[in-house]
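Chain letters run A, B, ... following the sequence lines, proteins first, then strands; residues in each count from 1. Because only heavy atoms are used, hydrogens play no part in the values below, and waters and symmetry mates are left out as well, while side chains stay in.
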Number of protein chains: 2
Amino acid sequence: MANYVEMWKELGMDLENHDALCQVLPTAFGDVYLSQENRPAAMDFWDMVVADIHGIRPAELIEAQKKGQKVFGTFCVYVPDEVVLAANGIVTGLCGGSQFWVSGGEKVLPKSTCPLIKASVGARLDRTCPFFRIADMYVGETTCDGKKKAWEILGKDVPMHVMDMPQMKREKDIKKWAEEIADFAAVVEKMTGNTIEPENLNHAIHIVNEKRKALARVYEARKAEKLPISGKDALLMMQIAFFDDPVRCAQMANRLADELEQRIADGVSVFPAGTKRIMVTGTPMAIPNWKLHHIIETSGAAVVCEETCTGTRYFERLVDESKETLEEQYRALAERYMGINCACFTPNTGRIDDILRLAKEYHVDGVIDVNLKFCCLYDTEGYTVEAALKEAGIPVLGIETDYDDADAEQLRTRIEAFVEMLG
Amino acid sequence: MANYVEMWKELGMDLENHDALCQVLPTAFGDVYLSQENRPAAMDFWDMVVADIHGIRPAELIEAQKKGQKVFGTFCVYVPDEVVLAANGIVTGLCGGSQFWVSGGEKVLPKSTCPLIKASVGARLDRTCPFFRIADMYVGETTCDGKKKAWEILGKDVPMHVMDMPQMKREKDIKKWAEEIADFAAVVEKMTGNTIEPENLNHAIHIVNEKRKALARVYEARKAEKLPISGKDALLMMQIAFFDDPVRCAQMANRLADELEQRIADGVSVFPAGTKRIMVTGTPMAIPNWKLHHIIETSGAAVVCEETCTGTRYFERLVDESKETLEEQYRALAERYMGINCACFTPNTGRIDDILRLAKEYHVDGVIDVNLKFCCLYDTEGYTVEAALKEAGIPVLGIETDYDDADAEQLRTRIEAFVEMLG
């Protein structure tokens, strides 16, 4: 591991506190990931990234900033990366997936806030996340009550732009989102000093589409009867995708997909024949939240698909690349992004259609509907999701959890019983 | 008490279950209300209404329906009553203020949903609320995650129209709300079979403005040094205002205001000199939720103002009556309603301004910022509210509670300590 201490110091991070995180992460990763057998060789890239997760990419971002590029930190799959890329900006995900950051968030947020929001705010306020220190601007959105109000507190500490998400999907709402994207583009132009033109925007749209296609190829391989990759490894690729350069992300995902396709041709699987196939639906799993996947995949089952924001919602469907004016392009972006079926919309019947379709495409034996504690949206929608799955004859287990390991054994018991029931 | 059993039976209510509620309510009302000394004589109207709360008004609504009028059940102060009244419709509040209904809601909603939403859904699904049985249509809004998703479940059982609330207050958002009001008007016209014209809409605007002015007169009397009315009695008037005919509501509030103004002239107070003046800010208190007011007013303090949806947010500011076209009128309605400062907006700095202004106008000694458990919006905004009050040198106590009485003694201890500290 390279020495990034000087960089972290220059970023004004709380080194002592951050050290505590650096000390536990390699062990956790070793236990959860490196213990797996017969992993695809192409996972070496992601193993390397995780080993220096607060070092390699942050150093790249700082280099880019020195050359005049601006970095935009985002929290949600609805924020269009294309607009930032078109203006020669860089998009990065932010920290939010570890219990380590939760207590910092609880200093200013209600305890009954979801751990993702508490961890994000804690990571920033406690100065233990390099990405939060590096970003020149933060882009929030009004996708849930918790985030919407958390931005107000975060906004006192950092420059923040908030995009107002419509809560329905009528024609006028798609139009409204296109307007929000245009407003965001103006903010990005001002911050970067670069102009967004149809040419550079189409180039950016193409780059992000290629990234989506590459991620989709990896997921496509998970539809095979003989699974060439674990759910944990696929999840890791998705988690890092939020932080990486989009061109490299596509390259690495394609490299992985090549190997997976060869494995399928060769009949190589990382699971014994007959392993039960689980789809996970619900709330996102930010790095290093591997808790549920690890429990499932050490309980006699395999995760074959994630209908989450760190899964299919991130890459399904492409943006139309044929548009020639900014107005048409913003509209095309709005159509693609408004096609994501998040529980923040009402009604959100498209998500039920997605889940039933994915269950079929990935040949799932059962669904685990997971809710991050205090996520009111996915928790409430879980009632409808579980009813629809039952009606379709697909076994479903509803689970609520957070980042704390206290419930791990209880979850394991429930999941083992569920998997056994599928047999 | 008149016998309304036959009516409830015809409404398809669960009589046995409903009886349990009818048996406890009079005792609760007696303990909390009738135990007060020297109440304004004009409170006799509200005492009568509460004594037959599931009888008198429901019977009136049923009579009106027989004559062809339609009843619209609403949940939120953002839904413009004026539009319904203009089409000769009737607006009614719905049940949602008692622990009695909570368990019914928990059958379909997460336990970590606010009690107001759980009670509303429970009251409907358990068939123990006549207003829910009577209404021809329900009007929801997307003001919070919990309600937004609850409408989807409720909508399977009842005809439901949902208005999409913008989450910001920019010019384009006010325009959007005016469009939502126009869309709602079309729904109301279809349901009632009546056309909304500028004339009948202006008449409706006038009626609701007169109601607002009358309620404001009662609140104005609470600014007096010698308090002519308790906070509990003022709260009761507000709670019933959501259910009553608006013209009668104005008459009764004006009658009460006449008496209060006479009391002020005569130097009559319902509290001893020197009683500490408390403003309550935060989440609404639906009837029969009198819990916090009762504890405060039996702990040596008086509630002089509620900055809540069952308080100032309901009646402050009027709709412009001078507009002559529907488009202008919808815009005028949008401006008035979007002027309400709910925590569902981001940013919501107007609410901080309101609270500081009201604290001054009502000469408050301290503020109790109350949050209904699991209301993420007001809970998170509480951080900002309490910081602003501290900065202004106004003592503030933050409280989270629900409808359950289990925490009553603990709350009393904290509130007594707070009031003593003000001394």
Portion of A:T142 that has a non-hydrogen atom of chain B nearer than 4.5 angstrom: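 Both backbone and side chain.
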Per-residue contact mode, A:A343 against chain B (heavy atom under 4.5 angstrom):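 Both parts, backbone and side chain.
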Contact winner vs chain A - B:V162, B:D164, B:N348, heavy-atom pairs under 4.5 Å: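 Result: the option with the highest number of such pairs is B:D164.
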[X] side, atom [atom1]; [Y] side, atom [atom2] - distance, nearest 0.5 Å:
X: B:K148; Y: A:M168; atom1: NZ; atom2: CE; value: 9.0 Å
X: A:Y383; Y: B:L109; atom1: OH; atom2: CG; value: 9.0 Å
X: A:Q167; Y: B:Q167; atom1: CD; atom2: CD; value: 3.5 Å

State whether the number of non-hydrogen atoms from other residues, nucleotides or ligands found under 6.0 Å of [X] atom [atom1] is greater than 12.
X: A:K156; atom1: NZ; value: yes
X: B:E391; atom1: CD; value: no
X: B:Q410; atom1: CD; value: no
X: B:E327; atom1: CD; value: no

Which residue pairs satisfy the ring pair (Phe, Tyr, Trp, His ring centres under 6.0 Å) criterion with at least one member in residues 142-162 of chain A, sequence neighbours excluded?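 Sorted pair list: A:F75-A:W151, A:H161-A:F184.
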Pair listing, ring pair (Phe, Tyr, Trp, His ring centres under 6.0 Å) test, anchored in residues 101-124 of chain A, at least two apart: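 Qualifying pairs, neighbours excluded: none.
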Pick one of side chain, backbone, both or neither for B:T346, based on which atoms fall under 4.5 Å of a heavy atom in chain A.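 The answer is both parts of B:T346.
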Qualifying salt bridge (charged side-chain N to carboxylate O under 4.0 Å, His left out) pairs, either residue in residues 101-114 of chain A, two or more places apart: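 Checked against salt bridge (charged side-chain N to carboxylate O under 4.0 Å, His left out) - neighbours excluded - the pairs reaching residues 101-114 of chain A are A:E106-A:K111, A:E106-A:K118, A:K107-A:D126.
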Against chain B, work out which of A:C344, A:A387, A:G382 has the most heavy-atom pairs shorter than 4.5 Å and name it.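 Most heavy-atom pairs under 4.5 Å with chain B: A:C344.
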Residue by residue, scan residues 370-379 of chain B and write down, ordered by number, those that have a heavy-atom distance under 4.5 Å to chain A; if none do, write 'none'.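 Residues in range: B:F374, B:C376, B:L377, B:D379.
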For A:K149 and B:F345, indicate whether the former's side chain and the latter's backbone hold a donor-acceptor pair under 3.5 Å.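 It does hold such a pair.
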Give a yes or no on whether the backbone of A:C144 and the side-chain of B:D145 come within a donor-acceptor separation of less than 3.5 Å.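 No.
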Given B:V108 and A:T380, is the side-chain contact (heavy atoms from CB on, under 4.5 Å) satisfied, shown in steps? CA-CA 8 Å; B:V108 295; A:T380 311; over 6 Å; no
Testing the 3.5 Å rule here: is there a donor-acceptor pair between the side chains of A:T384 and B:E152?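 There is no such pair between these side chains.
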Check whether any side-chain heavy atom of B:K172 sits under 4.5 Å from a side-chain heavy atom of A:D183, and report yes or no.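 A side-chain contact under 4.5 Å exists here.
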May I ask you to decide whether B:R170 forms a salt bridge with A:E179, counting only side-chain N to carboxylate O separations under 4.0 Å?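 Salt bridge absent between B:R170 and A:E179.
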